[in-house]
Asks: 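My questions will all concern the structure given below.
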Number of protein chains: 2
Amino acid sequence: MDKNTDNIEKQNKEQLILTAAEHEFLTKGYDGARTTSIAKTAGVTHAMLHYYFRTKEQLFERIVDSKFSLMAQSMLTAFGNPNQSIVERIRGGIGLHFDFVAQNPQMPLFVINEIISRPERYDILYNRVQSVIDSIYANLQRDIDLAAERGEMERIDARMLFISIMSLNIFTFVAYPFMEPLMGDFMANRKVFLEARRAENIETIMRRIKAQQ
Amino acid sequence: MDKNTDNIEKQNKEQLILTAAEHEFLTKGYDGARTTSIAKTAGVTHAMLHYYFRTKEQLFERIVDSKFSLMAQSMLTAFGNPNQSIVERIRGGIGLHFDFVAQNPQMPLFVINEIISRPERYDILYNRVQSVIDSIYANLQRDIDLAAERGEMERIDARMLFISIMSLNIFTFVAYPFMEPLMGDFMANRKVFLEARRAENIETIMRRIKAQQ
DNA sequence: CTTTGTATTAACAATTTTGTTAAACATTGT
DNA sequence: ACAATGTTTAACAAAATTGTTAATACAAAG
C-alpha cells in the first residue's frame with residue numbers, strides 16, 4: 001500500500017527513462033525520437049516506458065517543461081544583477097548567458113524547433129513568464145536611459161540589445177556543426193574558439209553601447 | 001516514344017509534388033514530413049509521388065540540394081562586391097545577407113537541423129564549397145588588414161566578423177516565432193520590426209569595425 | 001499469511017507510413 | 001491502326017511505431 005515502497009528502485013527506473021528521453025528528444029526532436037530507442041537506452045522494456053508515462057506525448061512534456069523553464073530563467077537572470085553600473089551589468093550578463101548556453105548547447109535549437117512546430121501549446125507558458133519579462137525590460141530600459149543621460153552609454157532600445165546578445169551567443173552553438181567543417185583550423189580547438197567567441201560577443205555589444213563622443 | 005510527350009502536364013505534376021514537398025520539409029523537417037501529406041497538398045495520389053521520386057529520401061534530397069546551394073551562395077556572394085571600400089562592402093553585404101534571409105526565413109533552420117541530424121552526408125557538399133570559401137576569406141582578410149593599416153577600420157579576424165553577421169541576421173528569423181509573443185507591441189508589425197532590426201544589425205557591426213582613435 | 005497495490009514481462013493489437021504492383025489509360029511515332 | 005512508352009489509379013504489402021493487456025512477481029501492511 002505504500003506508494004514509496006521501493007522508492008530508490010522506482011526513481012532509478014523512472015529516472016533512467018527520463019534521462020534517456022531527454023537525450024533522445026534533444027538530439028532528434030519529437031518526430032525523430034523513438035520510444036523504443038528511449039527504452040533501449042534506458043535499459044527497460046518499452047512497455048515500462050508506457051507504464052510510467054502512458055504516452056510519448058506525456059513523456060515529451062516532462063522534458064519540455066524542465067528545459068523551457070531553465071531556458072527562460074537563464075535569459076532573465078543574466079541581467080538581473082545587483083549594484084553594478086548598468087554597463088558592467090550588461091557586460092557580465094552577456095558572459096553569464098554565453099556560459100549557460102555553452103553548458104546546454106542543444107537547448108536553444110530544441111526550444112525553437114518545438115515552438116515552431118506547436119506554437120499553440122505554449123500560450124500558458126508564455127503567460128507565466130510574460131510579467132517577469134515585462135518588469136525586467138522596464139527596469140533595464142530605465143537604467144539604460146538614465147545612464148545615457150549621464151553620458152555613460154549610448155541610448156538604445158533594451159529589446160534590441162537583448163535580441164543582439166541572444167543572437168550572438170546562441171547562434172554560435174546552434175550553427176557550430178554547420179560552420180565547424182568550413183572554418184578549417186579556426187574552430188578546430190573547440191575550447192579555444194569558444195573563449196575567443198565569448199570575448200568577441202562581449203566586445204561587439206560593448207562597442208555598440210559605448211557612448212559616442 | 002517521346003519522353004516529353006506531355007511535357008507541360010508532366011512538369012506540372014512533378015513540379016506540384018516538388019513545391020508541396022518543399023513546403024512540407026521546410027516546415028516539418030524530414031521526420032515530421034509525410035509523403036501522403038505532400039501528395040495530398042500537391043493534389044496527386046501518393047503512388048504518383050513514389051512513381052516520380054521512388055522514395056521519400058530521394059524526394060528530400062532534391063529539396064535539400066537546391067536549398068543548400070542557395071544558402072551557401074547567399075552567404076558568399078554578399079561579400080564579393082566590386083570596387084567599393086572594404087567598409088562599404090561589408091555594410092552592403094550585411095544588408096544583402098539580411099534581405100536574402102528575409103526572403104527565405106525557414107531555410108537556415110532547415111539547413112542547420114538537417115546538418116545536425118545527418119552530418120556525414122554533407123562531406124561532398126562541403127568539399128565543393130571549401131575552396132570558394134577559402135579564397136573569399138583570404139581576400140576579405142587581406143583587404144581588412146590593408147584598410148586597418150591605413151586606419152580606416154579596426155583590425156579583426158574576417159571569420160569572426162562573418163560569424164557575427166550571420167548570427168545577427170539569421171537568429172532574427174530563426175527565433176522570431178519564439179520572441180514575437182514575448183515582445184508585446186515591439187514586434188507586432190513585422191515589416192517595421194524587420195526594418196529596424198536590419199538597421200540595428202548594420203549599426204552593430206559598423207561600430208565593431210570602426211577604427212578606434 | 002493473506003491482501004493490496006505497484007512493478008515487470010511478453011505477447012499482441014492498432015495505426016500509421018512507406019513502398020509496390022498490376023492493370024487501365026493516354027499519347028505519339030510509324 | 002497499333003506498338004511502345006510513359007502516366008495514373010486502386011488495391012495491396014511490409015515495416016515501423018505506438019500503445020494495450022493479461023498474467024505474474026514482488027513488497028509491504030494489516
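All heavy atoms count here, side chains included; hydrogens, waters and symmetry mates do not.
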Asks: Using whole Å, report how far CG of B:Leu16 lies from C1' of D:dT7.
Replies: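 From B:Leu16 CG to D:dT7 C1': 15 Å.
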Asks: Take the protein atom CD of B:Glu24 and the nucleotide atom C1' of C:dT17, then report the distance between them rounded to whole Å.
Replies: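 The answer, rounded to whole Å, is 13 Å.
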Asks: Which residues satisfy the side chain to side chain donor-acceptor pair (under 3.5 Å) test with B:Lys28, sequence neighbours excluded?
Replies: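 Scan of B:Lys28 (side chain to side chain donor-acceptor pair (under 3.5 Å), adjacent residues dropped) gives B:Glu24.
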Asks: I want to confirm an ordering. Mapping A:Thr55 and B:Val44 to their closest nucleotides on DNA chain D, which one lands closer to the 5' end?
Replies: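 Counting from the 5' end, the first nearest nucleotide belongs to B:Val44.
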Asks: Would you please say whether a donor-acceptor pair under 3.5 Å links the side chains of A:Ser164 and A:Arg159?
Replies: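 No, no side-chain donor-acceptor contact under 3.5 Å.
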Asks: How would you list, by chain and number, every residue that makes a side chain to side chain contact (heavy atoms under 4.5 Å, CB included) with B:Pro177, sequence neighbours excluded?
Replies: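 B:Pro177: side chain to side chain contact (heavy atoms under 4.5 Å, CB included) contacts with A:Ile116.
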Asks: What are the atom names and distances for every N/O pair under 3.5 Å that joins the protein to nucleotides 10-17 of chain D?
Replies:
from	atom 1	to	atom 2	distance (Å)
D:dT17	OP1	A:Arg34	NH1	2.6

Asks: Just how far, in rounded Å, is P of C:dT6 from OH of A:Tyr52?
Replies: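 Taking OH of A:Tyr52 and P of C:dT6, I get 11 Å after rounding.
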Asks: Looking just at side-chain N and O atoms, do A:Asp145 and A:Gln141 make a donor-acceptor pair shorter than 3.5 Å?
Replies: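 The answer is yes; a qualifying pair exists.
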Asks: Could you state the CE-C1' distance from A:Met48 to D:dG19, rounded to the nearest angstrom?
Replies: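 Going from CE in A:Met48 over to C1' in D:dG19 covers 15 Å.
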Asks: In whole Å, I'd like the distance from the CZ atom of B:Arg54 to the P atom of C:dT21.
Replies: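 Distance, rounded to whole Å: 7 Å.
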Asks: When you check the phosphate oxygens OP1 and OP2 of D:dT9, does a side-chain N or O of B:Tyr51 lie under 4.0 Å from one of them?
Replies: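 No, outside the criterion.
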Asks: So, are A:Glu200 and B:Arg208 salt-bridged, with charged N and O less than 4.0 Å apart?
Replies: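 Yes.
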Asks: Rounded to the nearest Å, what distance is computed from the CZ atom of residue B:Phe53 to the P atom of nucleotide C:dT18?
Replies: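 Rounded to the whole Å, the gap is 15 Å.
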Asks: Measure the NZ-CE distance between B:Lys67 and B:Met71 for me, rounded to the nearest 0.5 Å.
Replies: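 Reported to 0.5 Å precision, the distance equals 11.0 Å.
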Asks: What is the separation between atom CG on A:Leu49 and atom P on D:dT20, rounded to the nearest whole Å?
Replies: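 Atom-to-atom, A:Leu49 to D:dT20, this comes out as 12 Å.
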Asks: Mind calculating the distance between NE2 (A:His50) and P (C:dT9) to the nearest angstrom?
Replies: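 After rounding, the reported distance stands at 15 Å.
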